[in-house]
Number of protein chains: 2
Amino acid sequence: MPTERPTIADVAERAGVSKGLVSFALNDRPGVAPQTRERILAAARELGWQPSLRARALSVNRAFALGLVITRDPEIITGDPFYPSFIAGVERELAPAGQALVLSVVPDEEAELAAYRKLVADRRVDGIFITDLRHDDARIALAEELGVPAVTLGRPEGPSPFPAVSMDDRAGIEAAVDHLVGLGHRSIAHVAGPARMLHGSRRRKAFEDAMARAGLRATMVVETDFRAADGARATRDLLARHEDPTAIVYANDPMAIAGLGFAQRAGLRVPEHLSITGFDGSDIAEHIYPALSTVATDAVSWGAVAARVLLQEIAGENPGDTDLPPARFVPRESTGRRPEPPTRRPRT
Amino acid sequence: MPTERPTIADVAERAGVSKGLVSFALNDRPGVAPQTRERILAAARELGWQPSLRARALSVNRAFALGLVITRDPEIITGDPFYPSFIAGVERELAPAGQALVLSVVPDEEAELAAYRKLVADRRVDGIFITDLRHDDARIALAEELGVPAVTLGRPEGPSPFPAVSMDDRAGIEAAVDHLVGLGHRSIAHVAGPARMLHGSRRRKAFEDAMARAGLRATMVVETDFRAADGARATRDLLARHEDPTAIVYANDPMAIAGLGFAQRAGLRVPEHLSITGFDGSDIAEHIYPALSTVATDAVSWGAVAARVLLQEIAGENPGDTDLPPARFVPRESTGRRPEPPTRRPRT
DNA sequence: CTGAAAGCGCTTACAG
DNA sequence: CTGAAAGCGCTTACAG
């Protein structure tokens with residue numbers, strides 16, 4: 001029963017002191033005689049008193065919680081390998097700090113902004129994570145307007161007052177292209193994420209740069225929405241072209257896996273006829289056949305570091321930007337030597 | 001600035017009434033003259049007043065939030081198709097109700113119980129979801145002890161005071177087996193989830209029952225931990241046996257996909273040499289090649305209904321148990337006719 | 001080193 | 001229909 005629960009007044013009474021002193025003793029504030037503190041702590045223990053977070057929250061004007069809102073339609077979220085790991089990393093940092101994570105999942109960008117507003121209007125959180133950064137991301141201005149501490153995953157394009165925690169994904173894409181070029185490929189396509197998303201366009205740019213550096217033209221790029229079905233569709237479109245690619249660099253694993261499926265269904269052998277690379281380093285990628293060459297990111301660390309930075313910011317420190325070790329390319333079975341042009345492969 | 005924020009006192013002053021009346025007007029309590037209410041609401045609007053959830057929480061002794069703790073090591077969570085969809089469903093119900101979801105992700109069962117205790121000790125939530133039920137699940141007793149409303153996904157074995165929201169998974173497994181038997185298979189194996197988990201052992205039982213009904217012996221069953229790597233390992237073990245199976249029923253999609261990968265790597269063609277079924281209906285399952293025959297569950301609805309039931313329970317209603325439409329088998333390309341015994345396939 | 005009191009921003013009997 | 005006051009359970013100046 002809720003009423004059974006002892007309060008600070010019960011502890012004070014039992015210890016024969018004022019409520020204020022109990023509070024001081026509990027929070028290790030100076031100015032409590034050692035033996036008095038002992039007496040208080042003992043009384044608290046005997047009563048099984050747990051201070052009310054609710055009351056504390058009202059007094060000190062803090063929520064002791066951080067907010068994450070994920071924008072993704074329920075359908076696509078299933079396959080996303082990023083968030084579950086990211087959240088596990090966040091929790092790793094929050095739990096020991098006595099903080100909680102409040103999570104919102106919304107279907108679109110409009111609902112997303114509303115969710116952030118609601119979260120801070122209700123003062124449910126002391127700070128927010130801003131993930132999946134977009135061009136001209138409205139959330140930066142919103143967070144400023146709301147006056148809520150925030151941390152961004154990656155650096156936004158415009159000016160931002162918030163610390164960024166970044167993990168370079170360019171190097172991984174470039175390594176993938178270099179690897180393919182080293183295997184003799186010259187006709188390399190890219191299945192990109194949405195251009196409005198920073199990591200979508202950044203990976204595409206990395207692809208184009210790497211191609212240019214190799215003296216190749218990046219003519220075969222198709223933009224998608226990061227979903228598995230898009231990966232299959234994009235692969236179909238690419239293979240239907242005249243100058244069909246001998247290798248495809250996908251912007252994430254689900255699309256790469258779906259692309260692999262499409263290619264195989266079309267009668268192509270991977271990597272004999274077509275080489276494929278992904279991005280994420282999802283668990284399943286190494287268990288499919290052929291095992292997917294991909295760019296592995298450490299989403300768990302990303303979550304842990306982002307949480308830590310946000311906590312520091314809330315505590316009034318000035319964490320500044322931090323760069324995590326870059327995502328790295330992991331060659332596996334889905335990439336191989338470029339097929340001989342003439343007898344290359346059956347037409348699809 | 002936090003201090004700028006108007007409080008109920010500001011609204012009362014501006015409307016020329018007491019704080020109590022403002023509260024009554026806001027909460028649609030009877031006993032406020034229509035024009036007084038108008039005046040109050042107008043004042044609130046003009047000041048941009050948002051009632052403090054924190055203060056309300058302290059007054060009414062409610063958190064306006066629900067708790068979910070997910071027990072899974074960070075590594076395996078990546079591939080799990082269930083939770084993201086489940087959470088999306090939960091949110092669909094919570095957001096309109098002004099409720100929030102607080103999420104904990106913990107690595108093991110010990111941390112799990114601690115997480116629940118902490119969540120309710122801090123009164124961070126008004127009710128909790130109990131997912132991934134186990135045999136003799138300690139969480140039922142814990143929730144009772146803590147006196148916190150709860151909802152279980154599926155019915156626990158022992159007595160439980162909490163409403164259960166169930167989705168029959170037996171029928172899907174049975175349909176998978178029937179389908180395989182119809183295709184001529186007689187040597188069918190099962191890659192099961194952990195026996196300590198209710199859905200792990202229930203799916204296994206469903207498999208065994210279906211086999212018995214078909215007059216077959218379920219001799220080939222290997223237990224796993226539900227992770228993709230286990231699926232590959234179990235497949236290897238099964239194929240190494242003398243009486244190797246012509247079909248394998250996996251307890252989830254990640255294991256089925258990994259099993260497919262292993263079989264293909266071993267030189268088997270699916271479904272010509274080996275038929276395979278999964279469980280989950282994950283997005284990627286239909287994009288791999290061959291497309292995975294699987295049992296589709298509606299995790300989104302499950303989340304929505306569980307949230308609704310929990311909210312009702314918290315409101316003092318007595319929701320009772322509810323049964324969702326059963327998961328259904330979706331045949332695709334990974335299942336086919338049983339191969340001819342003699343020339344069946346290359347040895348692994 | 002300690003106490004008494006006010007305050008955080010709401011809600012809710014209790015009177016009138 | 002409305003007001004004044006107490007209460008939710010803490011924290012924090014302010015005195016002594």
Side-chain angles (χ1 to χ4, degrees), chain A residues 1-41 43-44 47-65 98 120-124 126 315, chain B residues 1-41 43-44 47-65 98 120-124 126 315:
Chain A
M1 302 287 97
T3 31
E4 314 283 337
R5 210 175 159 173
T7 75
I8 197 172
D10 300 319
V11 177
E13 187 184 352
R14 172 177 266 254
V17 298
S18 69
K19 295 191 303 177
L21 248 207
V22 174
S23 176
F24 271 56
L26 192 84
N27 296 310
D28 287 323
R29 295 286 213 85
V32 180
Q35 50 170 330
T36 309
R37 135 170 296 119
E38 271 320 310
R39 195 151 34 94
I40 292 171
L41 263 26
L47 292 172
W49 174 62
Q50 310 242 161
S52 157
L53 195 70
R54 223 114 85 180
R56 275 196 80 201
L58 184 60
S59 298
V60 304
N61 199 28
R62 285 264 277 124
F64 305 107
V120 347
D122 284 349
R123 294 272 199 265
R124 291 204 107 120
D126 301 316
Chain B
M1 300 289 95
T3 31
E4 314 283 339
R5 209 174 160 175
T7 75
I8 196 171
D10 300 319
V11 177
E13 186 184 353
R14 173 175 265 252
V17 298
S18 70
K19 295 190 303 177
L21 248 209
V22 175
S23 176
F24 271 56
L26 191 84
N27 297 310
D28 287 321
R29 294 284 213 86
V32 181
Q35 50 169 332
T36 311
R37 134 170 297 117
E38 272 319 310
R39 195 151 35 92
I40 292 171
L41 263 25
L47 291 172
W49 175 62
Q50 310 244 161
S52 158
L53 194 71
R54 223 113 84 179
R56 276 196 79 202
L58 185 60
S59 297
V60 304
N61 200 27
R62 285 263 278 124
F64 306 106
V120 346
D122 284 348
R123 294 272 199 264
R124 290 205 109 122
D126 301 316

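Worth knowing before you read on, the calculation uses all heavy atoms, side chains too, and leaves out hydrogens, waters and symmetry mates.
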Chemist: Could you work out which one of dG9(C), dT12(C), dT11(D) sits closest to the side chain of N27(A)?
Modeler: dT11(D)
Chemist: Please round to the nearest 0.5 Å and tell me the distance separating atom CD1 of I40(A) and atom CD of Q35(A).
Modeler: 11.0 Å
Chemist: Go nucleotide by nucleotide along DNA chain D from the 5' end; which of A33(B) and F24(A) gets its closest nucleotide reached first?
Modeler: A33(B)
Chemist: Distance-only, no hydrogens or angles: does the R29(A) side chain make a donor-acceptor pair with backbone N or O of S23(A) under 3.5 Å?
Modeler: no
Chemist: Using purine N1 to pyrimidine N3 plus N6-O4 or O6-N4 for Watson-Crick, or N1-O2 and O6-N3 for G-U wobble, both under 3.5 Å, which nucleotide pairs with dT2(D)?
Modeler: dA15(C)
Chemist: When you match K19(A) and P34(A) each to their closest nucleotide on DNA chain C, which lands nearer the 5' end?
Modeler: P34(A)
Chemist: Quick check: does any side chain N or O of R54(B) sit under 3.5 Å from a backbone N or O of R123(A), one acting as donor and the other as acceptor?
Modeler: yes
Chemist: Which part of the nucleic acid, if any, lies within reach of Q35(A) when heavy atoms closer than 4.0 Å are counted: base, sugar-phosphate only, or nothing?
Modeler: nothing
Chemist: At what distance, to the nearest 0.5 angstrom, does CD1 of I8(A) lie from CD of Q50(A)?
Modeler: 13.5 Å
Chemist: Kindly point out which of dC1(D), dC10(D), dC1(C) is positioned nearest to the side chain of T36(A)?
Modeler: dC1(C)
Chemist: From R56(B) CZ over to L58(A) CG, what is the distance, rounded to the nearest 0.5 angstrom?
Modeler: 13.5 Å
Chemist: Take the protein atom CG of N61(A) and the nucleotide atom C1' of dT12(D), then report the distance between them rounded to whole Å.
Modeler: 14 Å
Chemist: Using only side-chain N and O atoms of R54(A), determine if any of them is under 4.0 Å from OP1 or OP2 of dG9(D).
Modeler: no
Chemist: Could you state the atom-to-atom distance from CZ of R62(B) to P of dT11(C) in whole Å?
Modeler: 13 Å
Chemist: Choose from dC1(C), dC10(D), dC10(C) the nucleotide whose nearest atom is closest to any side-chain atom of R56(B).
Modeler: dC10(C)
Chemist: May I have the distance from I8(A) (atom CD1) to dA4(C) (atom P), rounded to whole angstrom?
Modeler: 14 Å
Chemist: To the nearest Å, how far apart are I40(A) CD1 and dT2(C) C1'?
Modeler: 10 Å
Chemist: Hey, does the side chain of T7(A) come within less than 4.0 Å of dG9(D)'s phosphate (OP1/OP2), counting only N and O?
Modeler: no
Chemist: Would you classify V22(B) as touching base, sugar-phosphate or nothing, given that sugar-phosphate means primed atoms plus P, OP1 and OP2, and contacts are heavy atoms under 4.0 Å?
Modeler: nothing
Chemist: Return the value, rounded to whole Å, for the distance between atom CG of L26(B) and atom P of dT11(C).
Modeler: 7 Å
Chemist: Can you tell me if R29(A) touches the phosphate of dT12(D), counting only side-chain N or O atoms and a distance under 4.0 Å to OP1 or OP2?
Modeler: yes
Chemist: For L58(B) and for R39(B), locate the closest nucleotide of DNA chain D by heavy-atom distance; then report the residue assigned to the nucleotide nearer the 5' terminus.
Modeler: R39(B)
Chemist: Can you see if the side chain of S52(B) gets near the phosphate of dG9(C) - specifically, an N or O under 4.0 Å from OP1 or OP2?
Modeler: no
Chemist: Between P on dA15(D) and CG on L21(A), what's the gap in Å once rounded to a whole number?
Modeler: 18 Å
Chemist: What's the CG-C1' distance between L53(A) and dC8(D), to the nearest Å?
Modeler: 14 Å
Chemist: Nearest of dC10(D), dG3(D), dC10(C) to any side-chain atom of P51(B)?
Modeler: dC10(C)
Chemist: S59(B) has a side chain; which of dG9(C), dC10(D), dT2(C) sits nearest to it?
Modeler: dG9(C)
Chemist: Choose from dG9(D), dT11(C), dC10(C) the nucleotide whose nearest atom is closest to any side-chain atom of V60(B).
Modeler: dT11(C)
Chemist: In Å and rounded to the nearest 0.5 Å, what is the CG to CZ distance from N61(A) to R5(B)?
Modeler: 8.5 Å
Chemist: With the side chain of S18(A) defined as its heavy atoms from C-beta on, choose the nearest nucleotide among dG9(D), dC1(C), dG3(C).
Modeler: dG3(C)
